[in-house]
Protein chains: 2
Amino acid sequence: MLKEKTKIFKALSDPNRLRIIKMLQTKKLCVCEITEVLQLATSTVSKHLSILRDNGFIVEEKDGKWINYYINPTPFDERVSSILGSLDFWISDDSVTNKDKTSLINIDRKIICCK
Amino acid sequence: MLKEKTKIFKALSDPNRLRIIKMLQTKKLCVCEITEVLQLATSTVSKHLSILRDNGFIVEEKDGKWINYYINPTPFDERVSSILGSLDFWISDDSVTNKDKTSLINIDRKIICCK
DNA sequence: TTATCATTTCGTTATATGGCGAAACATAAT
DNA sequence: ATTATGTTTCGCCATATAACGAAATGATAA
């Protein structure tokens, strides 16, 4: 159906989801680390991640008590592959995404997440 | 701003706008011809066209008492160029878009638009 | 100039989306 | 087993979006 084809564009239609994808370009991240950078509620971030996952942009794996999210290395949808393969073309770096990436350097999962 | 980068994805997030783009792949069309195929209100189609135009996907030119819309041959945003240059990759043909295109063959602007 | 007609804009309505906190889940640590 | 903790789900609210018809606009035809 045609509505199905709009889904990957919808997934890319939210600034916070673009920030998440760009962050995951750097390294694998758990929900609470992303929450810390975006300054959103955990439930909101979780929802964003599920949308990105459902559209094949990211995948998850367990890591102790955390769940690591990372860029899908083998997307089913070739349009997703194409975007992820040239991510800086589709979502160019800017002050926000750059700041996000530097924020990540100073974040220690073990300190941040235990609140 | 990052929100700006989401705009072209938002523009592609509506099934009717995808149908319009695919129709314009065939030939230049006026508002009422598109209205006839999509079976939507004229005002609705006009709004969709303005969104596609504002994001550089299509351009317009006068043709008598009509306004012809067509695929932008020289988009400013290189992401738009990339999508329009491989349109069948990003929006593959299906039963709906194929039917739309055949519908267009039998539509005579001079008959349809004068109601 | 006046009438006609394609198109756009405006106001309204229904649905979709993104945000939150609380509660439910799932699993690791004690 | 029980507690603690990371994550998800649920219910709610505010805003965004897409739809319509009516009115406004603008340009062509009479």
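Heavy atoms only: backbone and side chains are in, while hydrogens, waters and symmetry mates are out. Below, chains carry the letters A, B, ... as their sequence lines are ordered, and counting in each starts from 1. The structure presented is a predicted model; accordingly, all values stated were derived computationally and were not measured.
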Exercise for the section: Kindly confirm or rule out a cation-pi arrangement of B:R79 over B:F9, judged by NZ or CZ under 6.0 Å from the six-membered ring centre and within 45° of its axis? Expected result: yes
Handout entry: B:K27 atom NZ, neighbour heavy-atom count above 12 within 6.0 Å
Key = yes
Expected rows: protein N/O vs nucleotides 26-30 of chain D N/O, under 3.5 Å:
{"from": "D:dA27", "atom 1": "O3'", "to": "B:K62", "atom 2": "NZ", "distance (Å)": "3.4"}

Completion exercise
Judged by nearest nucleotide, the residue sitting upstream toward the 5' end of DNA chain C, A:K3 or A:H48, is A:K3
Problem - Heavy-atom neighbours of A:K101 NZ exceed 12 at 6.0 Å - result: yes
Problem - Distance, nearest 0.5 Å, that separates CG of A:N72 from CD1 of A:I21 - result: 11.5 Å
Practice task
Quickly work out the A:D63 CG to C:dA26 C1' distance and round it to whole Å.
Solution key: 16 Å
Handout entry: Between C:dT7 (C1') and B:L40 (CG): distance, integer Å
Key = 16 Å
Completion exercise
note: A:N16, atom CG; C:dT17, atom P; distance rounded to Å ~ 16 Å
Fill in the blank from the handout: When A:D93, A:D94, A:D88 are each screened for salt bridge (charged side-chain N to carboxylate O under 4.0 Å, His left out) with B:K5, the one that passes is A:D94
Fill in the blank from the handout: Which of D:dA19, C:dG21, C:dG18 is nearest the side chain of A:A41? It is C:dG21
Exercise for the section: Could you tell me whether A:R109 sits above the aromatic face of A:W66, with NZ or CZ closer than 6.0 angstrom to the six-membered ring centre and within 45 degrees of the axis? Expected result: yes
Fill in the blank from the handout: Interatomic distance, CG@A:D100 vs CD1@A:I105, rounded to 0.5 Å, equals 11.5 Å
Problem - Protein-nucleotide distance (B:E33, atom CD; C:dC5, atom P), rounded to Å - result: 17 Å
Exercise for the section: Would you mind reading off the bend of the helix from C:dT1-D:dA30 to C:dT30-D:dA1 from its two end axes, five pairs each, to 10 degrees? Expected result: 20°
Practice task
Output yes when A:D63 and A:K28 qualify as a salt bridge under the 4.0 Å nitrogen-oxygen rule, no when they do not.
Solution key: no
Between the protein and nucleotides 8-13 of chain C, which nitrogen or oxygen pairs come in under 3.5 angstrom?
{"from": "C:dT8", "atom 1": "OP1", "to": "B:Y69", "atom 2": "OH", "distance (Å)": "2.4"}
{"from": "C:dT8", "atom 1": "OP2", "to": "B:S46", "atom 2": "OG", "distance (Å)": "2.6"}
{"from": "C:dT8", "atom 1": "O5'", "to": "B:S46", "atom 2": "OG", "distance (Å)": "3.3"}

Problem - Test item: A:T44 side-chain N/O and A:L40 main-chain N/O as donor-acceptor pair under 3.5 Å - result: no
Problem - Between P of D:dA18 and CD1 of B:I20, the distance in whole Å - result: 11 Å
Fill in the blank from the handout: Testing C:dT7, C:dG19, D:dT7 for proximity to the side chain of A:W66, the answer is D:dT7
Handout entry: A:L84 CG to A:T74 OG1 distance, which is reported to the nearest 0.5 Å
Key = 10.5 Å
Problem - Separation of atom NZ in B:K10 from atom P in C:dA16, rounded to whole Å - result: 15 Å
Fill in the blank from the handout: Distance col, row A:I51:CD1 vs A:N16:CG, nearest 0.5 angstrom, shows 11.0 Å
Fill in the blank from the handout: Rounded to whole Å, CZ of A:R109 lies from P of D:dT7 at a distance of 7 Å
Practice task
Calculate the interatomic distance between B:E36 atom CD and C:dT7 atom P; express it in whole Å.
Solution key: 13 Å
